[in-house]
Amino acid sequence: MRQYFTQIVPMRYKKLNEEVMLSNQYSVTHHHKHIDLNKAARGEQSGLPGMFVTYEISPLMVEVTEHRRSFTHFLTGVCAIVGGVFTVAGIIDSFVYNSYRAFQKKLELGKS
């Protein structure tokens, strides 16, 4: 026995040039169960042989709208990336510098 469950969601896609495209998103889940015909012949429960398809159409619609981001949004993102790189570089530099100074102090004391 095979069972297929299909979910369909209507979708409206609005492009930058105001063109609207109607479509559907769907997902499918399937289950398989082996039917023992010998059990069925003896009157025991084993399920019905066949293929069953169940459709579920969503009452909600997904709407996707394209839009462009402004130049200031792009500039803010670039500044955030550059700031993050400088921060990580500063942390690594501080770690290396302090490790080197600690190692130099141990050398001066003759402990290495």
### Task
Would you indicate whether the side-chain heavy atoms of F74 and R69 approach each other to under 4.5 Å?
no
### Task
Not counting sequence neighbours, which residues clear ring-ring contact (aromatic ring centres under 6.0 Å, His included) with H73? List them please.
none
### salt bridge (Lys or Arg N to Asp or Glu O under 4.0 Å) partners of E63, counting only residues at least two apart
R12
### Message
What's the separation between atom CD in E66 and atom CD in E18, rounded to the nearest 0.5 Å?
### Response
10.5 Å
### Query
side-chain contact (heavy atoms from CB on, under 4.5 Å) with E56: which residues, sequence neighbours excluded?
Q7
### Query
Going by side-chain heavy atoms closer than 4.5 Å, which hydrophobic residues are tied to V62, directly or by a chain of links?
V9, M11, Y13, M21, V64
### Query
Measuring from M61:CE to Q25:CD, what's the distance to the nearest 0.5 Å?
11.0 Å
### Task
Name all residues meeting the side-chain contact (heavy atoms from CB on, under 4.5 Å) criterion together with Y26; count only those two or more places apart in sequence or in a different chain, and write none if there are none.
I8, V28
### Summary
Besides F5, the hydrophobic cluster formed by Ile, Leu, Val, Met, Phe, Trp and Tyr side chains linked at under 4.5 Å, directly or via other members, contains none
### Task
Check which hydrophobic residues are tied to V20 through side-chain heavy-atom contacts below 4.5 Å, counting indirect links as well, and list them.
L22
### Query
Closest approach of P10 and S58, non-hydrogen atoms and distance?
CD-O, 3.7 Å
#### Entry: Rounded distance (nearest 0.5 Å) linking atom CZ of F103 with atom CD of E108
11.5 Å
### Query
Residues in side chain to side chain donor-acceptor pair (under 3.5 Å) with T72, at least two apart?
S70
### Message
The criterion is side-chain contact (heavy atoms from CB on, under 4.5 Å); which residues satisfy it with R68, sequence neighbours excluded?
### Response
L16
### Task
Check salt bridge (Lys or Arg N to Asp or Glu O under 4.0 Å) between R2 and all other residues, then give those that pass, not counting sequence neighbours.
none
### Task
Look only at the side chain of N98 and the backbone of S94, and say whether a donor-acceptor pair between them is shorter than 3.5 Å.
yes
### Task
Name all residues meeting the side chain to side chain donor-acceptor pair (under 3.5 Å) criterion together with Y100; count only those two or more places apart in sequence or in a different chain, and write none if there are none.
Q104
### Query
With V82, which residues qualify under side-chain contact (heavy atoms from CB on, under 4.5 Å), at least two apart?
V78, F86
